[in-house]
Number of protein chains: 2
Amino acid sequence: MFTLSEENYLKTIYHLGLNSEIGVSTNEIAKKMQTKASSVTDMIKKLSDKNLVVYKKYKGVRITDFGRNTAANIVRKHRLWEVFLVEKLNFSWDEVHEVAEQLEHIKSPKLINELDALLGFPKQDPHGDPIPDKEGNYYPLEKKLLATLGIGEKGICVGVNDSSSSFLQFLDKQKIALGNEIKVLGKEPFDDSIQIQIANRELSISNKIANNLYIKILQGS
Amino acid sequence: MFTLSEENYLKTIYHLGLNSEIGVSTNEIAKKMQTKASSVTDMIKKLSDKNLVVYKKYKGVRITDFGRNTAANIVRKHRLWEVFLVEKLNFSWDEVHEVAEQLEHIKSPKLINELDALLGFPKQDPHGDPIPDKEGNYYPLEKKLLATLGIGEKGICVGVNDSSSSFLQFLDKQKIALGNEIKVLGKEPFDDSIQIQIANRELSISNKIANNLYIKILQGS
DNA sequence: TTATTATTTTAGATAAGACTAAAAATTAAT
DNA sequence: ATTAATTTTTAGTCTTATCTAAAATAATAA
């Protein structure tokens, strides 16, 4: 099995490598993990010894199939715990991350499979991010940023781009939650703000907000 | 906050000190934790620096009020998680300990309070051990060993003395569970075995088993 | 293409937690 | 009350994960 530190590095490498064809650089990892490049080099060697990544000096790392699988399993645990915290323990979506960061390292296959069942085999976490299955596969939602919708289009709020707690708290305050139906009523060219209808209320949303909210387009809108 | 290791040592000292007036010895701790006495001495100094125990060289340690409170909180978390695993995730009582050993170190007051509420504020864990409240107080059940009951007495199975997985698995196999009503039908002087009635079945129980099962006496039996 | 800058790695140090072996203190036995 | 046996502590070493400072390599600019 892997240490806490190894799991955290692996997870970071997994996330950073998702949208890039080339290797993940030492500095990128160091910045993301708030640590020093030399520490990253040390850890990369350990992960490489355990066949979780392929490492070529000065060329960054690429995750292996084994590493990807291992990382996806940690992400699966993280996101299932987030669902549990929100659905069963009354956490709000800005409170879940920190606790899930701890819970994701608990080792017990039975625990996580039973938790999955208790929650009804959810496919997304409270931020709309997909939950990998036992094999590490997941199916990202077809989604667009609210800012890219045209006037008259409507959809369901399915996720956030920025999951900083200040943004999530803002959404809570405005009573915008996952699952809400949102319709674009108008767009203001002057400041790129957007007028929307949500749960029978009308709101004006700044461009910055609209660029951080993901919407699943409803058919026939 | 405390490290994983510090918490584990503290918990052991707490348990070993419960039924003794004098200090807990280095060797006792080492034996219980499957480690070496020298490692214990090192750790004791750290716990002492953090005011969790009082340490006098060659005289063992005594837990402080602060230490006792901290330890009781870890025990509280351990036992609440055990209830959760059995009640919500279909674990059997011999499977819960190992996972609870991990979960008890998760840091989040909200998590544990909400979990407590989800479970309906239970007072005992699946082995019948009392769950401390937020202040670290708990109320042990009035209980007797099955072996000490007289013929005709009856009570409810409320706990085990030995919680080794082999014993717990034996109980599972015999369909003896917490909450079952047990009546003593007879005692065999030759081998000190006991005949009991449990859930409309009659069973013969060896003395060794009867010395590891706690019974809450029912009034008027 | 060479010099400059940025990135990455190496070397050496530190802290936590564990170990072994030896020394010191306590307890038990004669 | 000494000696012997046991317990406990100290001293020194090891591993993991981190750091700083310096060296090596790669990328960029003149």
Side-chain angles (χ1 to χ4, degrees), chain A residues 1-14 16-17 20-63 67 70-71 74 101-102 104-107, chain B residues 1-14 16-17 20-63 67 70-71 74 101-102 104-107:
Chain A
M1 268 311 122
F2 309 108
T3 67
L4 190 100
S5 227
E6 287 168 348
E7 289 194 350
N8 283 331
Y9 273 95
L10 184 66
K11 202 174 38 138
T12 300
I13 293 166
Y14 170 78
L16 288 174
S20 87
E21 295 303 306
I22 58 168
V24 181
S25 82
T26 305
N27 253 6
E28 255 184 294
I29 300 167
K31 189 177 290 177
K32 197 81 169 188
M33 300 200 63
Q34 316 236 61
T35 183
K36 294 291 141 74
S38 56
S39 307
V40 175
T41 303
D42 285 347
M43 181 54 81
I44 278 173
K45 288 176 185 164
K46 289 172 196 158
L47 297 181
S48 178
D49 288 344
K50 297 189 175 190
N51 296 312
L52 293 164
V53 300
V54 175
Y55 169 52
K56 285 211 193 84
K57 269 191 192 178
Y58 294 101
K59 297 294 181 186
V61 285
R62 304 195 63 164
I63 203 162
T70 304
I74 301 169
E101 283 287 297
Q102 298 179 63
E104 71 188 3
H105 301 290
I106 303 292
K107 270 127 190 118
Chain B
M1 269 312 124
F2 309 108
T3 68
L4 189 100
S5 228
E6 287 167 347
E7 289 195 349
N8 283 331
Y9 273 96
L10 184 65
K11 202 173 38 136
T12 299
I13 293 167
Y14 170 78
L16 289 175
S20 87
E21 296 302 307
I22 59 168
V24 180
S25 82
T26 305
N27 253 7
E28 256 185 293
I29 300 168
K31 189 177 291 176
K32 197 81 169 187
M33 300 202 62
Q34 317 235 61
T35 184
K36 294 292 142 74
S38 55
S39 307
V40 175
T41 304
D42 284 349
M43 181 54 81
I44 278 174
K45 289 176 184 164
K46 289 172 195 159
L47 298 181
S48 178
D49 288 343
K50 297 190 174 189
N51 296 310
L52 293 164
V53 299
V54 175
Y55 169 52
K56 284 210 194 84
K57 270 191 193 178
Y58 295 100
K59 297 294 180 186
V61 284
R62 305 196 62 165
I63 202 161
T70 303
I74 300 169
E101 283 287 297
Q102 299 178 60
E104 71 188 4
H105 301 291
I106 303 292
K107 271 128 191 116

Which atoms of nucleotides 4-6 of chain D (N or O only) lie under 3.5 Å from a protein N or O atom, and what are those distances?
none

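Note on the helix from C:dT1-D:dA30 to C:dT30-D:dA1: angle between the axes of the first and last five pairs equals 10°, rounded to 10 degrees.
Within the 4.0 Å cut-off from OP1 or OP2 of D:dT10, at least one side-chain nitrogen or oxygen of B:K45 is found.
Side-chain contact between A:L47 and A:V61 is absent, with no heavy-atom pair separated by less than 4.5 Å. Between B:L52 and B:I63, every side-chain heavy-atom pair lies at or beyond the 4.5 Å cut-off.
Remark: side-chain polar atoms of A:K56 are not paired, donor with acceptor, to backbone N or O of A:V54 under 3.5 angstrom. A donor-acceptor pair under 3.5 Å is absent between the side-chain atoms of B:E7 and the main chain of B:I74, judged by distance alone. Not a single donor-acceptor pair under 3.5 Å links the side chain of A:R62 to the backbone N or O of A:G17.
Rounded to an integer number of Å, the gap from NZ of B:K57 to C1' of D:dA11 is 13 Å.
Counting non-hydrogen atoms of neighbouring residues, nucleotides and ligands closer than 6.0 angstrom, the CD1 atom of B:I22 reaches no more than 12 such neighbours. No more than 12 heavy atoms of other residues, nucleotides or ligands sit less than 6.0 Å from atom NZ of A:K57.
Within the structure, every pair that satisfies the salt bridge (Lys or Arg N to Asp or Glu O under 4.0 Å) test and touches residues 43-55 of chain A, not counting sequence neighbours, is listed here: A:E6-A:K50.
A side-chain contact (heavy atoms from CB on, under 4.5 Å) with B:Y9 is found for exactly one of B:L4, B:V40, B:I44, namely B:V40.
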Checklist outcome for this item: Under a 4.0 Å heavy-atom criterion, the protein footprint on nucleotides 13-24 of chain D, written with B, S and -, is ---SBBBB---B

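In the 5' to 3' direction, nucleotides of DNA chain C lying under 4.0 Å from heavy atoms of chain A begin and end at C:dT7 to C:dT10.
For the atom pair OG1 of B:T41 and OH of B:Y55, the computed distance is 5.0 Å after rounding to the nearest 0.5 Å.
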Checklist entry - Does the side chain to side chain contact (heavy atoms under 4.5 Å, CB included) test come out yes or no for B:E104 and B:N8, once each step is laid out? => result CA-CA 10 Å; B:E104 71 188 4; B:N8 283 331; 3.7 Å; yes

Donor-acceptor list for residues 23-35 of chain A side chains, cut-off 3.5 Å, not counting sequence neighbours:
residue : atom : partner : partner atom : Å
A:S25   : OG   : A:E28   : N            : 3.1
A:E28   : OE1  : A:S25   : N            : 3.1

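The two atoms that bring A:E101 and A:H105 nearest to each other are O-CD2, 3.0 Å, heavy atoms only.
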